[in-house]
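All heavy atoms count here, side chains included; hydrogens, waters and symmetry mates do not. Heads up: numbering here begins at 1 and tracks the sequence.
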Amino acid sequence: MKLTILGGGGFRVPLVYGALLQDHAEGRVTHVVLHDLDPARLSAVTRVLAEQAAGVPDAPEVSATTDLDEALRGADFVFSAIRVGGLEGRASDERVALAEGVLGQETVGAGGIAYGLRTVPVAVDIARRVARLAPDAWVINFTNPAGLVTEAMSRHLGDRVIGICDSPVGLGRRIARVLGANPKEAWIDYVGLNHLGWVRGLRVAGRDELPRLLADPDLLGSFEEGKLFGVDWLRSLGAIPNEYLHYYYFNREAVRAYQQAEKTRGAFLHDQQARFYAEMRNPDAPAWKVWDRTRAEREATYMAENRETAGAGERDEDDLSGGYEKVALALMRAIARDERTTLILNVRNQRTLSVLDTDAVIEVPCLVDANGAHPVTVDPLPGHATGLVCAVKAVEREVLAAADSGSRASAVKAFALHPLVDSVNVARRLVEGYTEVHPGLAYLR
């Protein structure tokens with residue numbers, strides 16, 4: 001089975017390959033094709049994978065190419081993990097937004113809109129090529145903003161593109177762990193959009209254990225989200241929000257923390273990964289050791305400003321191991337082998353949330369089999385959550401309209417309608433600022 005990874009020179013590719021090395025079942029991936037526009041990055045990652053595979057019998061063959069059509073042709077699965085504009089682009093997104101006093105995070109608010117505006121045209125081109133060159137392939141989208149990009153690709157690939165994120169899985173795992181339950185035996189009632197969802201129940205053996213957690217302030221305050229949001233707010237909500245909702249519920253504090261930080265997250269990662277790839281130019285550098293050291297630093301500093309604002313302290317050791325690669329492999333196995341499972345995924349709504357149309361991509365538990373991912377029926381969201389979901393989906397639709405038409409007015413509208421951008425004038429200045437620093441937004445007119 002052939003797996004193509006777009007963005008194959010990306011820093012997190014070894015996580016995916018490491019998961020593949022642990023899969024020895026029938027029908028596994030035998031060939032991994034890495035595609036990237038940067039030959040030096042491809043070379044660096046290929047070296048890391050070679051050291052990973054040392055001593056592993058029947059490790060998947062790895063090849064690399066800068067030719068997109070060659071990479072796609074004959075693929076059974078395509079992992080799309082591209083970053084249009086690179087980390088330099090992400091750092092610019094943050095700077096332009098923060099200069100206007102609004103959030104520049106890569107998936108939330110102004111930064112997420114800017115990232116989406118330059119990513120959607122590229123993702124759509126990829127989707128069209130997949131439809132032409134590998135029509136039977138399944139596309140698993142890692143690219144942020146994951147829900148928005150998945151929806152853009154679904155207009156050309158239908159349900160054969162599925163978006164993934166490890167945030168809901170990590171949240172469910174933490175809740176189960178603090179309740180003393182096995183995460184593999186728990187049903188997580190989670191619904192929303194990517195990076196905008198809530199756990200409203202966690203059932204073990206048919207019993208909802210979330211009320212027990214919400215009723216115990218010591219237990220509720222003992223894990224990441226309890227520390228991040230505070231016990232009182234979680235009990236007011238009656239649910240556990242995805243960690244990214246901290247940017248909404250504590251927006252002023254988050255913006256101030258990012259403005260006062262020595263470096264934005266994008267700038268930190270840009271400098272950190274630049275050091276990694278520079279070190280990898282030395283042919284004698286121990287590739288795996290250098291990569292793993294850099295990975296550990298990256299994970300430990302994740303959402304550091306938010307945790308500092310909330311006084312949440314350091315991340316727990318159990319939360320430093322990532323997880324999105326495990327979701328991707330579980331999804332791929334379920335489809336390729338018809339190993340039926342349940343995963344929280346980004347898929348087309350169909351009739352799951354009545355407040356959204358059938359083509360809107362949402363993040364929800366899905367039953368997965370050889371025919372793809374099928375969203376399960378869920379209860380309606382409460383009013384406060386419905387309002388946020390509908391507002392942000394409206395923003396996503398304006399981003400898609402702008403990317404499709406090149407309309408600058410639609411881009412301004414996308415920024416102005418976002419709940420975290422509080423002024424049409426600010427929206428106009430954001431579009432001006434982003435088009436000045438991003439050549440990839442030259443299509444807006």
Side-chain angles (χ1 to χ4, degrees), residues 1-17 20 29-50 60-90 115-146 148-164 273 277 324-325 328 331-332 335-336 346 400 403-404 406 438-443:
M1 192 161 67
K2 175 181 174 180
L3 167 64
T4 294
I5 302 178
L6 307 181
F11 181 77
R12 295 201 290 180
V13 169
L15 295 172
V16 174
Y17 192 64
L20 291 174
V29 170
T30 55
H31 184 198
V32 177
V33 179
L34 307 180
H35 171 268
D36 204 283
L37 302 179
D38 188 333
R41 288 168 65 92
L42 277 176
S43 176
V45 171
T46 301
R47 281 181 56 198
V48 175
L49 303 194
E61 173 192 355
V62 176
S63 61
T65 180
T66 57
D67 186 319
L68 179 57
D69 287 357
E70 176 188 336
L72 293 175
R73 198 172 284 112
D76 297 291
F77 285 87
V78 177
F79 286 2
S80 182
I82 62 173
R83 180 173 286 281
V84 179
L87 286 170
E88 184 176 349
R90 176 175 176 177
Y115 191 24
L117 283 169
R118 65 177 188 275
T119 301
V120 165
V122 179
V124 166
D125 177 64
I126 290 170
R128 288 172 172 158
R129 292 186 191 221
V130 171
R132 186 177 75 251
L133 299 169
D136 295 327
W138 290 87
V139 177
I140 299 178
N141 178 56
F142 296 67
T143 301
N144 277 325
L148 170 62
V149 172
T150 301
E151 185 164 330
M153 298 182 84
S154 73
R155 295 182 174 185
H156 303 274
L157 296 172
D159 293 327
R160 294 191 79 86
V161 59
I162 301 167
I164 68 164
Q273 292 190 24
Y277 288 107
Y324 84 118
E325 71 284 355
L331 172 58
M332 185 171 64
I335 294 173
N346 288 269
L400 293 174
D404 183 54
H438 293 310
L441 293 182
Y443 71 88

What is the distance from atom CH2 of Trp138 to atom CG of Leu331, rounded to the nearest 0.5 Å?
-> 8.5 Å

Find out whether Ile82 and Ile126 are in side-chain contact, i.e. whether some heavy atom of one side chain is under 4.5 Å from a heavy atom of the other.
-> yes

Only counting residues at least two apart or in another chain, list the ones meeting salt bridge (Lys or Arg N to Asp or Glu O under 4.0 Å) with Arg129.
-> Asp69, Asp125

Taken to the nearest 0.5 Å, the spacing of Leu68 CG from Leu6 CG works out to 6.0 Å

Looking at CG of Leu400 and CG of Leu117, how far apart are the two atoms once the value is rounded to the nearest 0.5 Å?
-> 9.5 Å

Residues that Tyr17 engages under ring-ring contact (aromatic ring centres under 6.0 Å, His included), provided they are two or more places apart = none

Hey, can you tell me if Phe142 and Tyr324 have their rings parallel, tilted or perpendicular (30° and 60° cut-offs)?
-> perpendicular

Name every donor-acceptor pair, under 3.5 Å, that has one atom in a side chain of residues 152-161 and the other anywhere in the protein, sequence neighbours excluded.
residue	atom	partner	partner atom	Å
Ser154	OG	Glu151	O	2.7
Asp159	OD1	Arg348	NE	2.9
Asp159	OD1	Arg348	NH2	3.4
Arg160	NE	Ala137	O	3.2
Arg160	NH2	Asp136	O	2.4

At their closest point, which heavy atom of Gly163 faces which heavy atom of Thr150, and how far apart are they?
-> CA-OG1, 3.3 Å

Separation between CG (Leu20) and CD1 (Ile5), nearest 0.5 Å, reads 7.0 Å

Which value, rounded to the nearest 0.5 Å, describes the distance between Asn144 atom CG and Arg83 atom CZ?
-> 7.0 Å

Scanning both residues in full, the closest heavy-atom pair of Val45 with Pro14 reads CG1-CD, 4.4 Å

Please name the pair of heavy atoms, one in Ala123 and one in Val149, separated by the smallest distance, quoted to 0.1 Å.
-> CB-CG1, 3.7 Å

Hits for side-chain contact (heavy atoms from CB on, under 4.5 Å) against Ser63, two or more places apart or cross-chain, chain-then-number order -> His31, Val33

Would you check if Leu441 and Tyr443 make a side-chain contact, meaning some heavy-atom pair closer than 4.5 Å?
-> yes

Between Val120 and Ala403, what is the shortest heavy-atom contact and its length?
-> CG1-CB, 3.6 Å

Any donor-acceptor N/O pair, Thr30 side chain to Met1 backbone, under 3.5 Å | yes

On a heavy-atom basis, the closest approach of Ala75 and Ala134 is O-CB, 4.0 Å

Return each pair, listed once, that meets salt bridge (charged side-chain N to carboxylate O under 4.0 Å, His left out) where at least one residue sits in residues 32-45; pairs must be two or more places apart or across chains.
-> none

Is there side-chain contact between Val13 and Val32, with heavy atoms separated by less than 4.5 Å?
-> no

Residue list, side-chain hydrogen bond (donor to acceptor under 3.5 Å, both in side chains) with Thr65, at least two apart or on another chain = Glu70

Rounded to the nearest 0.5 Å, how far does CG of Leu37 lie from CG of Leu42?
-> 8.5 Å

Of all heavy-atom pairs between Ala44 and Tyr277, which one has the smallest distance, and what is that distance?
-> CB-CD2, 3.8 Å

